[in-house]
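Worksheet: one structure, shown below.
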Amino acid sequence: MIIRNVTVIDGTGGTPRAGMDVLVTDGRFTDIRPSRTDTSAVPTGEPVLDGRGGWLLPGLWEAHTHLRDYGMSLPAPERFAHLKEVLAGYLAEGVTSVCDLGGMPELSPELRDASRADAAMASLFTTEAAFTGIDGWPVTGLVGHRSGVMEVGDADHARRLLQGVRLGEVDYVKCMFDSRPGGGRRLPPEALEVIIAAAHQAGKKALVHIATGTDLREAVRAGADCIEHSPLPRDPHDLSEAEQLAALMAEAGTLYCPTVATWEQLAYGADPEYLDQLIADGILTPDGAEEIMARPTYGRPFPKHPADECRIRFDHAMRTLPVFHRAGVTLVAGSDIARVMPTPARALLRELQLFARAGVPNSAVIAAATGHAAEKIGRLRTRGTITVGSVADAVLLDADPLADLSHLVHRRHLRAVVSSGRIASP
Ligand SMILES: [Zn+2]
């Protein structure tokens, strides 16, 4: 396939290149070259996507979500079909890759394989290697069952458990390292170190969920590759803790996936004004708002995350995002939940909107949802960018997302979605 006459935003954060043709062979980008007006350069029968001067960027990544939240009440075969529809829905909105951060081990491998074999679905990345402390987050109270996360007592226990895990077959390793009161015991730091070392030995990234600045600091010291969630601040009025954490992460090269859309939903989701705000921001339609209010979960408190605490966490995360960006920390976009969102993909788009609103430059916002997301799970060489050799996942927009990020968020600007070298939508 050839994608003609586009400005390429390649997802590496580099300068966009106008007037380009992008060639795709066997599902991968094979050439990016100045556009040729003569059609003789195109072999007969080659599919052509006429970019008409639009903007081509890598397919978006949802770098932190949980598919366990969808179709929970359905019997297994119907649930599997439903989850495939969820992945097709992501793709229709320009999200070509989805990272499930655990909690659904019974369906993950099969769904992952199905998604990778079918260009009509977003590609799924998953793990069955998820660890927490004894009775630790999220075992107690969140999902109502204990499956999907291994509870670790100490470093030796971690070593024994790791013997039963085929790390070569997972996409990454997830650790819960959460010291909030009421969340059970935190994974001991020595055990965290053992798990991260084993992940690295198997060539996998270690993604570490944290709750506080202390958790974050210890996770970075233990070798975490990416910090999941913004920390609950020691003092919401003080930026110095965030400055210190940002410096530590920049020095260690640790990525940061703050999941601000989650804190916003948990803080404000029950307020009708929040839905009005989402409508004003183009995330939601009035019909969509009615559908959300009819959901059984609407307005119900989320286990272990009181709204007032999430307000502090959200406000502080928004104030400090530019602190992390300026310090040189690589930001990654992941929304975690879509409780108050019309579709799962909209939660990711909200995350991007919030990054921009917090003051992160648009080029860094786009990189957070493309190249940096692929980097988070160790796939940067083969995915997440428009570079030769990378998997040909892309979105074509009719307006410049670098000039105004709403061109990426508002669906009316989405002209086409390319998935593994095929035009998937419209
Ligand atoms: Zn999560």
Side-chain angles (χ1 to χ4, degrees), residues 62 64-75 78-79 82-83 85-86 89-90 98 100-104 107 130 132 135-149 176 178 180-184 209-211 228-232 258-281 283-318 334-351 353-354:
E62 167 55 271
H64 183 142
T65 192
H66 300 277
L67 295 182
R68 65 168 178 239
D69 295 346
Y70 305 112
M72 280 175 107
S73 58
L74 298 171
E78 283 98 89
R79 185 161 190 226
H82 179 71
L83 290 168
E85 279 169 32
V86 169
Y90 271 114
V98 172
D100 185 282
L101 273 267
M104 200 188 55
L107 288 176
T132 188
D135 281 327
W137 177 266
V139 176
T140 41
L142 178 60
V143 286
H145 59 83
R146 302 172 86 93
S147 70
V149 184
M176 316 286 169
D178 187 317
R180 277 183 69 256
H209 156 126
I210 58 92
E228 305 296 324
H229 312 305
S230 64
L232 187 60
T259 69
V260 280
T262 279
W263 307 130
E264 189 190 38
Q265 289 175 80
L266 296 179
Y268 301 105
D271 305 346
E273 303 84 53
Y274 178 58
L275 296 181
D276 292 340
Q277 186 62 53
L278 292 179
I279 292 170
D281 291 341
I283 294 290
L284 191 58
T285 62
D287 284 353
E290 279 187 28
E291 186 273 316
I292 286 168
M293 285 191 285
R295 290 178 190 172
T297 53
Y298 181 72
R300 277 220 242 132
F302 195 80
K304 307 211 185 288
H305 281 305
D308 52 352
E309 187 190 278
C310 291
R311 240 163 261 156
I312 293 170
R313 213 160 167 178
F314 174 67
D315 293 345
H316 199 71
M318 290 293 281
S335 69
D336 199 9
I337 62 169
R339 267 202 154 196
V340 196
M341 292 289 152
T343 64
R346 293 268 121 184
L348 187 258
L349 296 174
R350 181 63 172 174
E351 185 80 8
Q353 204 170 46
L354 292 172

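Only this structure's heavy atoms are used, side chains among them; waters, hydrogens and symmetry mates stay out.
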I need the minimum non-hydrogen distance between Thr132 and Val149, along with the two atoms involved. CG2-CG1, 3.3 Å

List the steps and the verdict of salt bridge (charged side-chain N to carboxylate O under 4.0 Å, His left out) for Arg339 and Asp69. CA-CA 9 Å; Arg339 267 202 154 196; Asp69 295 346; over 6 Å; no

For the residue pair His229 and Trp263, categorise the inter-ring angle as parallel (less than 30°), tilted (30 to 60°) or perpendicular (more than 60°). perpendicular

From CG (Leu67) to CE (Met72), nearest 0.5 Å: 11.5 Å

Glu264 and Tyr274: side-chain donor and acceptor closer than 3.5 Å? yes

Which heavy-atom pair separates Ile279 from Ala289 by the least distance, and what is that distance? CD1-CB, 4.1 Å

What closest approach, in Å, do Leu354 and Met318 show between heavy atoms, and which atom pair accounts for it? O-CE, 3.4 Å

Once rounded to the nearest 0.5 Å, what's the spacing between atom CZ of Arg346 and atom CG of Leu284? 9.0 Å

Of all the heavy-atom pairs spanning Ala261 and Glu351, show the shortest one and how long it is. N-OE1, 2.7 Å

As a quick check of understanding, evaluate side-chain hydrogen bond (donor to acceptor under 3.5 Å, both in side chains) for Ser335 and Glu62, giving each step before the final call. CA-CA 7 Å; Ser335 69; Glu62 167 55 271; 2.6 Å; yes

Residue pair Arg68 / Asp100, side-chain heavy-atom distance below 4.5 Å: no

Contact summary for Gly299 and Ala270, nearest pair of heavy atoms: CA-CB, 3.9 Å

Work out which heavy atom in Trp137 is nearest to a heavy atom in Met176; give both atom names and the distance. O-CG, 3.1 Å

In terms of ring plane angle, is the pair Phe302 and His305 parallel, tilted or perpendicular, where the classes change at 30° and 60°? parallel

One should read off an interatomic distance between His64 NE2 and Ile337 CD1, to the nearest 0.5 angstrom, of 9.5 Å

